[in-house]
Number of protein chains: 2
Amino acid sequence: MSGKTVLIVDDEASIREMIAVALEMADYQCLEAADAREAHALIVDRQPDLILLDWMLPGTSGVELARRLKKEEVTAEIPIIMLTAKVEEDNKIQGLEVGADDYITKPFSPRELVARLKAVLRRATPAGVETPIEVDGLTLDPIGHRVSSASGALTMGPTEYRLLQFFMTHQERVYTRSQLLDQVWGGNVYVEERTVDVHIRRLRKALGDRYDHLIQTVRGTGYRFSTQAV
Amino acid sequence: MSGKTVLIVDDEASIREMIAVALEMADYQCLEAADAREAHALIVDRQPDLILLDWMLPGTSGVELARRLKKEEVTAEIPIIMLTAKVEEDNKIQGLEVGADDYITKPFSPRELVARLKAVLRRATPAGVETPIEVDGLTLDPIGHRVSSASGALTMGPTEYRLLQFFMTHQERVYTRSQLLDQVWGGNVYVEERTVDVHIRRLRKALGDRYDHLIQTVRGTGYRFSTQAV
DNA sequence: GAAGACTGTCACAATATTGTAACTTTATCC
DNA sequence: GGATAAAGTTACAATATTGTGACAGTCTTC
(Lines give C-alpha, C1' and ligand atoms only; values in the text may rest on other atoms or scores of the structure.)
Protein backbone atom coordinates (compact mmCIF):
# COMPACT_ATOMS: atom_id res chain seq x y z
CA MET A 1 0.00 0.00 0.00
CA SER A 2 2.82 2.34 0.87
CA GLY A 3 4.62 1.07 -2.23
CA LYS A 4 7.21 3.66 -3.10
CA THR A 5 8.67 3.81 -6.57
CA VAL A 6 12.35 3.14 -7.03
CA LEU A 7 14.27 3.85 -10.21
CA ILE A 8 17.16 1.53 -10.89
CA VAL A 9 19.85 2.92 -13.16
CA ASP A 10 22.45 0.40 -14.18
CA ASP A 11 23.72 -0.71 -17.55
CA GLU A 12 23.70 -4.38 -16.70
CA ALA A 13 20.24 -5.82 -17.15
CA SER A 14 20.96 -8.79 -14.91
CA ILE A 15 21.83 -6.57 -11.98
CA ARG A 16 18.78 -4.44 -12.53
CA GLU A 17 16.62 -7.48 -12.54
CA MET A 18 18.18 -8.89 -9.41
CA ILE A 19 17.53 -5.67 -7.60
CA ALA A 20 14.03 -5.34 -8.98
CA VAL A 21 13.05 -8.77 -7.76
CA ALA A 22 14.34 -8.04 -4.28
CA LEU A 23 12.56 -4.72 -4.10
CA GLU A 24 9.29 -5.99 -5.45
CA MET A 25 9.22 -8.64 -2.79
CA ALA A 26 9.51 -5.82 -0.29
CA ASP A 27 6.56 -4.09 -1.93
CA TYR A 28 8.40 -1.42 -3.83
CA GLN A 29 7.58 -0.58 -7.37
CA CYS A 30 10.52 -0.64 -9.75
CA LEU A 31 11.50 1.27 -12.83
CA GLU A 32 14.59 0.41 -14.80
CA ALA A 33 16.91 2.48 -16.92
CA ALA A 34 20.12 1.45 -18.64
CA ASP A 35 21.59 4.88 -19.23
CA ALA A 36 21.31 8.53 -18.35
CA ARG A 37 18.80 9.30 -21.07
CA GLU A 38 16.38 6.58 -20.12
CA ALA A 39 16.79 7.52 -16.51
CA HIS A 40 15.97 11.09 -17.21
CA ALA A 41 12.88 10.28 -19.19
CA LEU A 42 11.56 8.00 -16.45
CA ILE A 43 12.24 10.51 -13.72
CA VAL A 44 10.29 13.22 -15.45
CA ASP A 45 7.54 10.85 -16.38
CA ARG A 46 7.09 8.79 -13.26
CA GLN A 47 8.68 10.81 -10.48
CA PRO A 48 10.25 8.00 -8.47
CA ASP A 49 10.72 8.35 -4.72
CA LEU A 50 14.27 7.13 -4.80
CA ILE A 51 17.01 6.52 -7.34
CA LEU A 52 19.50 3.66 -7.23
CA LEU A 53 22.36 4.82 -9.37
CA ASP A 54 25.32 2.83 -10.57
CA TRP A 55 28.64 4.57 -10.26
CA MET A 56 29.73 3.53 -13.73
CA LEU A 57 27.47 4.25 -16.64
CA PRO A 58 28.14 4.23 -20.37
CA GLY A 59 28.44 7.74 -21.75
CA THR A 60 27.82 9.94 -18.78
CA SER A 61 29.14 8.60 -15.51
CA GLY A 62 26.83 8.06 -12.56
CA VAL A 63 28.45 10.91 -10.67
CA GLU A 64 27.83 13.24 -13.52
CA LEU A 65 24.19 12.18 -13.72
CA ALA A 66 23.73 12.60 -9.99
CA ARG A 67 25.15 16.07 -10.15
CA ARG A 68 22.83 17.01 -12.99
CA LEU A 69 19.79 15.61 -11.20
CA LYS A 70 20.51 17.42 -7.99
CA LYS A 71 20.70 20.68 -9.87
CA GLU A 72 17.31 20.42 -11.49
CA GLU A 73 14.38 21.62 -9.51
CA VAL A 74 12.13 18.66 -10.23
CA THR A 75 14.59 16.04 -9.17
CA ALA A 76 16.63 17.81 -6.53
CA GLU A 77 14.84 16.35 -3.58
CA ILE A 78 14.74 12.74 -4.76
CA PRO A 79 17.25 10.80 -2.65
CA ILE A 80 19.97 8.93 -4.51
CA ILE A 81 21.77 5.78 -3.46
CA MET A 82 25.01 5.07 -5.30
CA LEU A 83 26.02 1.56 -6.24
CA THR A 84 29.74 1.19 -6.44
CA ALA A 85 32.15 -1.66 -6.81
CA LYS A 86 34.31 -0.33 -4.04
CA VAL A 87 34.00 2.95 -2.25
CA GLU A 88 37.26 4.77 -2.25
CA GLU A 89 37.67 7.88 -0.25
CA ASP A 90 37.96 9.88 -3.38
CA ASN A 91 34.70 8.56 -4.78
CA LYS A 92 32.94 9.03 -1.52
CA ILE A 93 33.86 12.66 -1.27
CA GLN A 94 32.97 13.28 -4.85
CA GLY A 95 29.67 11.53 -4.32
CA LEU A 96 28.81 13.41 -1.18
CA GLU A 97 29.43 16.62 -3.00
CA VAL A 98 26.87 15.83 -5.64
CA GLY A 99 24.39 14.87 -2.99
CA ALA A 100 24.14 11.09 -2.95
CA ASP A 101 22.40 9.99 0.23
CA ASP A 102 24.01 6.63 0.71
CA TYR A 103 26.43 4.13 -0.81
CA ILE A 104 26.15 0.46 -1.30
CA THR A 105 29.14 -1.51 -2.42
CA LYS A 106 28.65 -4.40 -4.76
CA PRO A 107 28.23 -7.19 -4.12
CA PHE A 108 25.48 -6.66 -1.56
CA SER A 109 22.72 -8.80 -0.10
CA PRO A 110 19.12 -8.04 -1.04
CA ARG A 111 18.35 -7.73 2.65
CA GLU A 112 20.96 -5.06 3.07
CA LEU A 113 19.74 -3.19 0.04
CA VAL A 114 16.17 -3.08 1.27
CA ALA A 115 17.28 -2.04 4.73
CA ARG A 116 19.40 0.82 3.45
CA LEU A 117 16.71 1.90 1.11
CA LYS A 118 14.14 2.02 3.87
CA ALA A 119 16.50 4.04 6.00
CA VAL A 120 17.09 6.57 3.27
CA LEU A 121 13.41 6.87 2.51
CA ARG A 122 12.58 7.28 6.17
CA ARG A 123 15.15 10.01 6.48
CA ALA A 124 14.00 11.69 3.32
CA THR A 125 10.28 11.73 3.97
CA PRO A 126 9.84 13.15 7.48
CA ALA A 127 10.73 16.71 6.63
CA GLY A 128 7.89 17.06 4.21
CA VAL A 129 5.43 14.64 5.66
CA GLU A 130 5.45 15.18 9.40
CA THR A 131 4.73 18.86 9.41
CA PRO A 132 1.16 20.07 9.31
CA ILE A 133 0.35 21.98 6.15
CA GLU A 134 -1.90 24.98 6.43
CA VAL A 135 -3.59 27.02 3.75
CA ASP A 136 -6.01 29.83 4.53
CA GLY A 137 -7.08 28.18 7.76
CA LEU A 138 -7.39 24.74 6.23
CA THR A 139 -4.98 22.43 8.02
CA LEU A 140 -3.85 18.94 7.14
CA ASP A 141 -2.04 17.16 9.94
CA PRO A 142 -0.24 14.09 8.64
CA ILE A 143 0.65 12.86 12.13
CA GLY A 144 -2.87 12.80 13.40
CA HIS A 145 -4.17 12.04 9.93
CA ARG A 146 -6.70 14.84 10.23
CA VAL A 147 -8.00 17.70 8.21
CA SER A 148 -9.52 20.64 10.02
CA SER A 149 -10.69 24.17 9.55
CA ALA A 150 -11.62 26.89 12.01
CA SER A 151 -15.08 25.43 12.22
CA GLY A 152 -13.90 21.94 13.12
CA ALA A 153 -12.73 18.67 11.70
CA LEU A 154 -13.45 17.67 8.13
CA THR A 155 -14.18 14.06 7.35
CA MET A 156 -13.35 12.37 4.10
CA GLY A 157 -12.48 8.94 2.75
CA PRO A 158 -8.91 7.65 2.55
CA THR A 159 -8.56 8.42 -1.13
CA GLU A 160 -9.82 11.97 -0.70
CA TYR A 161 -7.35 12.42 2.14
CA ARG A 162 -4.44 11.20 0.04
CA LEU A 163 -5.58 13.37 -2.82
CA LEU A 164 -5.72 16.44 -0.61
CA GLN A 165 -2.37 15.65 0.94
CA PHE A 166 -0.84 15.34 -2.50
CA PHE A 167 -2.37 18.59 -3.64
CA MET A 168 -1.33 20.48 -0.54
CA THR A 169 2.25 19.34 -0.92
CA HIS A 170 2.20 20.17 -4.62
CA GLN A 171 0.35 23.44 -4.83
CA GLU A 172 -0.01 25.72 -7.82
CA ARG A 173 0.69 23.04 -10.33
CA VAL A 174 -1.60 21.29 -12.75
CA TYR A 175 -1.78 17.52 -12.76
CA THR A 176 -3.41 15.40 -15.38
CA ARG A 177 -5.77 12.66 -14.33
CA SER A 178 -3.20 10.11 -15.29
CA GLN A 179 -0.54 11.77 -13.15
CA LEU A 180 -2.91 11.85 -10.23
CA LEU A 181 -3.67 8.18 -10.66
CA ASP A 182 0.05 7.48 -10.56
CA GLN A 183 0.76 9.65 -7.58
CA VAL A 184 -2.28 9.19 -5.43
CA TRP A 185 -3.58 5.79 -6.41
CA GLY A 186 -0.07 4.43 -6.88
CA GLY A 187 1.58 3.24 -10.04
CA ASN A 188 0.03 0.20 -11.53
CA VAL A 189 -3.67 0.31 -10.85
CA TYR A 190 -6.14 -0.12 -13.63
CA VAL A 191 -8.70 2.58 -13.06
CA GLU A 192 -10.66 4.78 -15.42
CA GLU A 193 -9.46 8.35 -15.63
CA ARG A 194 -12.95 9.65 -14.97
CA THR A 195 -12.71 8.09 -11.53
CA VAL A 196 -10.43 10.96 -10.64
CA ASP A 197 -13.26 13.36 -11.40
CA VAL A 198 -15.52 11.59 -8.97
CA HIS A 199 -12.97 11.73 -6.19
CA ILE A 200 -12.28 15.37 -6.94
CA ARG A 201 -15.98 15.93 -6.53
CA ARG A 202 -15.98 14.05 -3.22
CA LEU A 203 -13.01 16.00 -2.01
CA ARG A 204 -14.63 19.31 -2.91
CA LYS A 205 -17.77 18.26 -1.11
CA ALA A 206 -15.78 17.31 1.99
CA LEU A 207 -13.97 20.64 1.91
CA GLY A 208 -17.24 22.51 1.84
CA ASP A 209 -18.15 25.88 0.36
CA ARG A 210 -15.42 27.59 2.30
CA TYR A 211 -12.58 25.67 0.70
CA ASP A 212 -13.74 23.85 -2.41
CA HIS A 213 -12.45 26.65 -4.64
CA LEU A 214 -8.90 25.56 -3.79
CA ILE A 215 -9.35 22.58 -6.08
CA GLN A 216 -9.46 24.13 -9.51
CA THR A 217 -10.37 22.55 -12.80
CA VAL A 218 -8.06 23.16 -15.71
CA ARG A 219 -10.20 22.31 -18.66
CA GLY A 220 -8.61 19.96 -21.15
CA THR A 221 -5.77 19.16 -18.78
CA GLY A 222 -6.59 18.24 -15.22
CA TYR A 223 -6.75 19.76 -11.77
CA ARG A 224 -4.76 22.13 -9.66
CA PHE A 225 -4.63 23.14 -6.01
CA SER A 226 -4.25 26.87 -5.84
CA THR A 227 -4.84 29.66 -3.39
CA GLN A 228 -5.10 32.14 -6.21
CA ALA A 229 -8.47 32.86 -7.74
CA VAL A 230 -9.13 31.17 -11.06
CA MET B 1 9.08 -8.19 29.36
CA SER B 2 10.13 -4.79 30.59
CA GLY B 3 12.29 -4.67 27.45
CA LYS B 4 13.23 -1.07 27.00
CA THR B 5 14.46 0.14 23.67
CA VAL B 6 18.00 1.42 23.41
CA LEU B 7 19.37 3.30 20.43
CA ILE B 8 23.07 2.79 19.77
CA VAL B 9 24.71 5.56 17.80
CA ASP B 10 28.24 4.77 16.72
CA ASP B 11 29.92 4.79 13.36
CA GLU B 12 31.73 1.51 13.91
CA ALA B 13 29.45 -1.38 13.12
CA SER B 14 31.53 -3.83 15.17
CA ILE B 15 31.12 -1.77 18.33
CA ARG B 16 27.43 -1.37 17.76
CA GLU B 17 27.04 -5.07 17.35
CA MET B 18 29.07 -5.86 20.45
CA ILE B 19 26.89 -3.56 22.50
CA ALA B 20 23.72 -4.87 20.92
CA VAL B 21 24.55 -8.45 21.79
CA ALA B 22 25.26 -7.52 25.39
CA LEU B 23 22.06 -5.55 25.73
CA GLU B 24 19.88 -8.12 24.06
CA MET B 25 21.10 -10.72 26.50
CA ALA B 26 19.94 -8.36 29.22
CA ASP B 27 16.53 -8.18 27.56
CA TYR B 28 16.82 -4.78 25.99
CA GLN B 29 15.70 -4.11 22.48
CA CYS B 30 18.34 -2.48 20.31
CA LEU B 31 18.32 -0.03 17.46
CA GLU B 32 21.45 0.96 15.64
CA ALA B 33 22.46 4.10 13.84
CA ALA B 34 25.77 4.97 12.25
CA ASP B 35 25.37 8.71 12.04
CA ALA B 36 23.31 11.63 13.21
CA ARG B 37 20.80 11.35 10.42
CA GLU B 38 20.03 7.69 10.95
CA ALA B 39 19.85 8.34 14.65
CA HIS B 40 17.36 11.08 14.19
CA ALA B 41 15.16 9.03 11.92
CA LEU B 42 15.09 6.15 14.37
CA ILE B 43 14.34 8.37 17.32
CA VAL B 44 11.36 9.88 15.62
CA ASP B 45 10.22 6.56 14.32
CA ARG B 46 10.79 4.22 17.25
CA GLN B 47 11.07 6.47 20.25
CA PRO B 48 13.77 4.69 22.19
CA ASP B 49 13.94 4.87 25.98
CA LEU B 50 17.64 5.58 26.06
CA ILE B 51 20.37 6.66 23.69
CA LEU B 52 23.95 5.40 23.73
CA LEU B 53 25.88 8.02 21.86
CA ASP B 54 29.45 7.90 20.68
CA TRP B 55 31.46 11.00 21.35
CA MET B 56 32.95 10.98 17.89
CA LEU B 57 30.68 10.78 14.89
CA PRO B 58 31.34 11.46 11.22
CA GLY B 59 29.92 14.79 10.17
CA THR B 60 28.17 16.06 13.24
CA SER B 61 29.96 15.24 16.47
CA GLY B 62 28.20 13.34 19.22
CA VAL B 63 28.18 16.40 21.43
CA GLU B 64 26.51 18.40 18.77
CA LEU B 65 23.90 15.72 18.23
CA ALA B 66 23.23 15.49 21.96
CA ARG B 67 22.72 19.22 22.13
CA ARG B 68 20.30 19.14 19.23
CA LEU B 69 18.33 16.26 20.71
CA LYS B 70 18.00 17.90 24.08
CA LYS B 71 16.56 20.97 22.46
CA GLU B 72 13.78 19.20 20.63
CA GLU B 73 10.60 18.62 22.48
CA VAL B 74 10.16 15.03 21.38
CA THR B 75 13.57 13.86 22.44
CA ALA B 76 14.42 16.14 25.33
CA GLU B 77 13.52 13.70 28.06
CA ILE B 78 15.26 10.67 26.58
CA PRO B 79 18.38 10.03 28.67
CA ILE B 80 21.70 9.93 26.87
CA ILE B 81 24.80 8.01 27.77
CA MET B 82 28.00 9.16 26.09
CA LEU B 83 30.62 6.72 24.93
CA THR B 84 34.04 8.24 24.89
CA ALA B 85 37.53 6.96 24.45
CA LYS B 86 38.69 8.84 27.49
CA VAL B 87 36.77 11.43 29.42
CA GLU B 88 38.77 14.54 29.92
CA GLU B 89 37.58 17.25 32.18
CA ASP B 90 37.01 19.46 29.23
CA ASN B 91 34.77 16.94 27.47
CA LYS B 92 32.91 16.17 30.61
CA ILE B 93 31.95 19.76 31.20
CA GLN B 94 30.94 20.19 27.61
CA GLY B 95 28.92 17.02 27.82
CA LEU B 96 27.16 17.88 31.02
CA GLU B 97 26.15 21.15 29.50
CA VAL B 98 24.35 19.43 26.68
CA GLY B 99 22.61 17.14 29.09
CA ALA B 100 24.24 13.74 28.85
CA ASP B 101 23.20 11.60 31.80
CA ASP B 102 26.28 9.46 32.13
CA TYR B 103 29.64 8.62 30.60
CA ILE B 104 31.21 5.34 29.79
CA THR B 105 34.80 5.19 28.67
CA LYS B 106 35.84 2.70 26.06
CA PRO B 107 36.84 0.01 26.47
CA PHE B 108 34.19 -1.13 28.90
CA SER B 109 32.84 -4.47 30.02
CA PRO B 110 29.35 -5.48 28.93
CA ARG B 111 28.47 -6.00 32.55
CA GLU B 112 29.42 -2.45 33.40
CA LEU B 113 27.50 -1.10 30.46
CA VAL B 114 24.32 -2.86 31.45
CA ALA B 115 24.68 -1.75 35.06
CA ARG B 116 25.14 1.89 34.17
CA LEU B 117 22.32 1.71 31.74
CA LYS B 118 19.93 0.31 34.31
CA ALA B 119 20.92 3.02 36.74
CA VAL B 120 20.24 5.76 34.25
CA LEU B 121 16.93 4.28 33.26
CA ARG B 122 15.90 3.92 36.90
CA ARG B 123 16.74 7.53 37.49
CA ALA B 124 15.13 8.71 34.29
CA THR B 125 11.86 6.86 34.28
CA PRO B 126 10.05 8.41 37.23
CA ALA B 127 9.67 11.79 35.64
CA GLY B 128 8.13 10.73 32.37
CA VAL B 129 6.60 7.35 32.94
CA GLU B 130 5.57 7.06 36.55
CA THR B 131 3.35 10.09 36.63
CA PRO B 132 -0.35 9.38 36.34
CA ILE B 133 -1.85 10.47 33.07
CA GLU B 134 -5.31 11.94 33.11
CA VAL B 135 -7.65 12.67 30.26
CA ASP B 136 -11.20 13.90 30.77
CA GLY B 137 -11.42 12.17 34.11
CA LEU B 138 -9.90 8.96 32.88
CA THR B 139 -6.74 8.30 34.85
CA LEU B 140 -3.98 5.81 34.23
CA ASP B 141 -1.64 5.33 37.14
CA PRO B 142 1.55 3.58 36.05
CA ILE B 143 2.77 3.04 39.60
CA GLY B 144 -0.32 1.30 40.80
CA HIS B 145 -0.87 -0.14 37.35
CA ARG B 146 -4.47 0.98 37.54
CA VAL B 147 -6.99 2.72 35.40
CA SER B 148 -9.85 4.62 36.95
CA SER B 149 -12.62 7.03 36.18
CA ALA B 150 -14.91 9.10 38.35
CA SER B 151 -17.22 6.15 38.66
CA GLY B 152 -14.52 3.78 39.88
CA ALA B 153 -11.78 1.45 38.74
CA LEU B 154 -11.71 -0.01 35.27
CA THR B 155 -10.51 -3.54 34.76
CA MET B 156 -8.76 -4.78 31.70
CA GLY B 157 -6.21 -7.34 30.61
CA PRO B 158 -2.48 -6.67 30.53
CA THR B 159 -2.39 -6.12 26.80
CA GLU B 160 -5.27 -3.67 26.95
CA TYR B 161 -3.48 -1.84 29.74
CA ARG B 162 -0.25 -1.54 27.76
CA LEU B 163 -2.21 -0.45 24.72
CA LEU B 164 -3.97 2.24 26.70
CA GLN B 165 -0.74 3.37 28.30
CA PHE B 166 0.90 3.64 24.92
CA PHE B 167 -2.01 5.59 23.53
CA MET B 168 -2.21 7.93 26.48
CA THR B 169 1.47 8.76 26.22
CA HIS B 170 1.16 9.20 22.46
CA GLN B 171 -2.06 11.06 21.96
CA GLU B 172 -3.38 12.66 18.81
CA ARG B 173 -1.29 10.53 16.53
CA VAL B 174 -2.28 7.74 14.20
CA TYR B 175 -0.57 4.39 14.49
CA THR B 176 -0.82 1.59 12.04
CA ARG B 177 -1.52 -1.90 13.28
CA SER B 178 2.03 -2.82 12.52
CA GLN B 179 3.39 0.09 14.55
CA LEU B 180 1.20 -0.87 17.46
CA LEU B 181 2.44 -4.42 17.30
CA ASP B 182 5.98 -3.07 17.41
CA GLN B 183 5.37 -0.67 20.23
CA VAL B 184 2.90 -2.50 22.43
CA TRP B 185 3.55 -6.16 21.71
CA GLY B 186 7.28 -5.55 21.31
CA GLY B 187 9.35 -5.77 18.19
CA ASN B 188 9.73 -9.27 16.93
CA VAL B 189 6.52 -11.12 17.60
CA TYR B 190 4.68 -12.82 14.82
CA VAL B 191 1.08 -11.92 15.33
CA GLU B 192 -1.67 -11.21 12.85
CA GLU B 193 -2.44 -7.55 12.36
CA ARG B 194 -6.12 -8.18 12.94
CA THR B 195 -5.26 -9.17 16.48
CA VAL B 196 -4.80 -5.48 17.13
CA ASP B 197 -8.41 -4.91 16.16
CA VAL B 198 -9.57 -7.43 18.68
CA HIS B 199 -7.60 -5.85 21.49
CA ILE B 200 -8.81 -2.43 20.46
CA ARG B 201 -12.29 -3.80 20.79
CA ARG B 202 -11.51 -5.21 24.23
CA LEU B 203 -9.99 -1.94 25.32
CA ARG B 204 -13.00 0.02 24.13
CA LYS B 205 -15.27 -2.35 25.96
CA ALA B 206 -13.23 -1.94 29.13
CA LEU B 207 -13.33 1.83 28.82
CA GLY B 208 -17.09 1.80 28.56
CA ASP B 209 -19.49 4.17 26.83
CA ARG B 210 -18.08 7.13 28.65
CA TYR B 211 -14.60 6.79 27.22
CA ASP B 212 -14.53 4.44 24.28
CA HIS B 213 -14.73 7.35 21.85
CA LEU B 214 -11.16 8.27 22.81
CA ILE B 215 -9.95 5.33 20.76
CA GLN B 216 -10.68 6.38 17.22
CA THR B 217 -10.54 4.32 14.07
CA VAL B 218 -8.76 5.90 11.13
CA ARG B 219 -10.06 3.88 8.26
CA GLY B 220 -7.41 2.60 5.92
CA THR B 221 -4.65 3.47 8.34
CA GLY B 222 -5.00 2.45 11.94
CA TYR B 223 -6.05 3.86 15.29
CA ARG B 224 -5.62 7.06 17.23
CA PHE B 225 -6.16 8.21 20.80
CA SER B 226 -7.69 11.62 20.70
CA THR B 227 -9.71 13.90 22.91
CA GLN B 228 -10.99 15.74 19.89
CA ALA B 229 -14.17 14.59 18.27
CA VAL B 230 -13.77 12.65 15.08
C1' DG C 1 -4.53 -30.07 39.34
C1' DA C 2 -8.78 -27.52 38.52
C1' DA C 3 -10.87 -22.97 37.89
C1' DG C 4 -10.30 -18.96 35.84
C1' DA C 5 -8.07 -15.35 33.09
C1' DC C 6 -5.74 -14.05 28.91
C1' DT C 7 -4.35 -14.49 23.97
C1' DG C 8 -4.56 -15.04 19.27
C1' DT C 9 -7.34 -16.43 15.47
C1' DC C 10 -11.36 -17.28 12.90
C1' DA C 11 -15.88 -16.64 10.79
C1' DC C 12 -19.42 -13.77 10.02
C1' DA C 13 -21.88 -9.19 10.43
C1' DA C 14 -21.90 -4.39 9.87
C1' DT C 15 -19.99 -0.40 7.58
C1' DA C 16 -17.50 2.41 4.70
C1' DT C 17 -15.24 3.09 0.46
C1' DT C 18 -14.54 2.55 -4.44
C1' DG C 19 -15.06 2.52 -9.33
C1' DT C 20 -18.27 2.91 -13.03
C1' DA C 21 -22.11 4.02 -15.72
C1' DA C 22 -25.61 7.16 -16.89
C1' DC C 23 -27.28 11.55 -16.94
C1' DT C 24 -26.79 16.77 -16.48
C1' DT C 25 -24.49 20.88 -16.80
C1' DT C 26 -20.94 23.88 -18.50
C1' DA C 27 -17.41 25.51 -21.58
C1' DT C 28 -15.51 25.94 -26.29
C1' DC C 29 -15.43 26.37 -31.17
C1' DC C 30 -17.15 27.50 -35.49
C1' DG D 1 -26.49 30.15 -31.28
C1' DG D 2 -26.05 25.29 -31.87
C1' DA D 3 -22.92 21.24 -32.01
C1' DT D 4 -19.59 18.99 -29.47
C1' DA D 5 -16.43 17.82 -26.02
C1' DA D 6 -15.29 18.07 -21.20
C1' DA D 7 -16.37 18.15 -16.56
C1' DG D 8 -20.03 17.90 -12.68
C1' DT D 9 -23.34 14.91 -10.31
C1' DT D 10 -25.75 11.11 -8.70
C1' DA D 11 -26.86 6.40 -7.81
C1' DC D 12 -25.48 1.80 -7.19
C1' DA D 13 -23.26 -2.62 -7.08
C1' DA D 14 -18.83 -4.57 -5.90
C1' DT D 15 -15.25 -4.58 -2.81
C1' DA D 16 -12.49 -3.63 1.18
C1' DT D 17 -12.17 -2.66 5.86
C1' DT D 18 -13.48 -2.91 10.54
C1' DG D 19 -16.52 -4.63 14.44
C1' DT D 20 -17.90 -8.50 17.11
C1' DG D 21 -18.68 -12.89 19.38
C1' DA D 22 -16.98 -17.43 19.98
C1' DC D 23 -13.41 -20.82 20.64
C1' DA D 24 -9.34 -23.40 21.65
C1' DG D 25 -4.87 -23.23 23.54
C1' DT D 26 -1.94 -21.40 27.15
C1' DC D 27 -0.70 -19.48 31.24
C1' DT D 28 -1.90 -18.15 36.35
C1' DT D 29 -3.47 -18.73 40.59
C1' DC D 30 -4.93 -20.85 44.41
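Numbers restart at 1 for each chain; the letters A, B, ... are given by sequence-line order, proteins then strands. When reading the values below, keep in mind they use all heavy atoms of this one structure, side chains included, and skip hydrogens, waters and symmetry mates.
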Quiz item: What's the CD1-P distance between A:Ile200 and D:dA7, to the nearest Å?
Solution: 11 Å

Exercise. Extract, from 5' to 3' on DNA chain C, the first and final nucleotides lying under 4.0 angstrom from some heavy atom of chain B.
Key: C:dC6 to C:dT17

Quiz item: Between B:Arg219 and B:Val198, which has a closest nucleotide on DNA chain D that is more 5'?
Solution: B:Arg219

Quiz prompt | Residue closer to the 5' end of DNA chain C, A:Trp185 versus B:Glu192 (nearest nucleotide) | solution = B:Glu192

Practice problem: Take atom CZ of A:Arg202 and atom P of D:dC12, then tell me their distance rounded to the nearest Å. | Solution: 14 Å

Quiz item: If you look at every strand shown and take non-hydrogen atoms under 4.0 Å, does A:Tyr161 touch a base, only sugar-phosphate, or nothing?
Solution: nothing

Practice problem: Look at B:Lys205 together with B:Asp212 and state whether they make a salt bridge at an N to O cut-off of under 4.0 Å. | Solution: no

Exercise. Could you tell me whether B:Glu193 contacts a base, only the sugar-phosphate backbone, or nothing, with contacts defined as non-hydrogen atoms closer than 4.0 Å?
Key: nothing

Practice problem: Identify which one of B:Tyr223, B:Trp185, B:Tyr161 satisfies the ring pair (Phe, Tyr, Trp, His ring centres under 6.0 Å) criterion when paired with B:His199. | Solution: B:Trp185

Exercise. For A:Thr221, answer base if it contacts any base atom (sugar-phosphate contacts may also be present), sugar-phosphate if it contacts only those atoms, and nothing otherwise; contact means non-hydrogen atoms under 4.0 Å.
Key: sugar-phosphate

Practice problem: Could you check whether A:Arg194 gets within reach of a base, just the sugar-phosphate, or nothing at all, counting any heavy atom under 4.0 Å? | Solution: base

Self-check item: Integer-rounded Å distance: D:dA7 P and A:Ile215 CD1
Solution: 15 Å

Quiz item: How many Å lie between CG on B:Asp197 and P on D:dT18, as a whole number?
Solution: 7 Å

Quiz item: Side chains of A:Tyr211 and A:Leu164: closer than 4.5 Å at any heavy-atom pair?
Solution: no

Exercise. Specify the separation, in whole Å, of atom CG of B:Leu203 and atom C1' of D:dT20.
Key: 15 Å

Practice problem: Rounded off to whole Å, could you give me the NZ-to-C1' distance for the A:Lys205 and D:dA11 pair? | Solution: 11 Å

Quiz item: At under 4.0 Å between heavy atoms, what does B:Thr217 touch on the DNA or RNA strands: base, sugar-phosphate, or nothing?
Solution: sugar-phosphate

Quiz prompt | Chi angles and distances behind the side chain to side chain donor-acceptor pair (under 3.5 Å) call for B:Glu193, B:Thr176 | solution = CA-CA 9 Å; B:Glu193 293 211 335; B:Thr176 63; over 6 Å; no

Quiz item: Is B:Val196 touching bases, backbone alone, or none of the nucleic acid, heavy atoms closer than 4.0 Å?
Solution: nothing

Quiz item: Would you find more than 12 non-hydrogen atoms of other residues, nucleotides or ligands less than 6.0 Å from A:Glu17 atom CD?
Solution: no

Quiz prompt | Test applied, side-chain contact (heavy atoms from CB on, under 4.5 Å); reference residue, B:Pro132; option that passes from B:Leu140, B:Thr139, B:Ile143 | solution = B:Thr139

Quiz item: Between D:dG8 atom P and A:His199 atom NE2, what is the distance in whole Å?
Solution: 14 Å

Quiz item: So what does B:Arg177 touch, heavy atoms closer than 4.0 Å: a base, only the sugar-phosphate, or nothing?
Solution: sugar-phosphate

Self-check item: A:Tyr175 ring center within less than 6.0 Å of A:Phe225 ring center
Solution: no

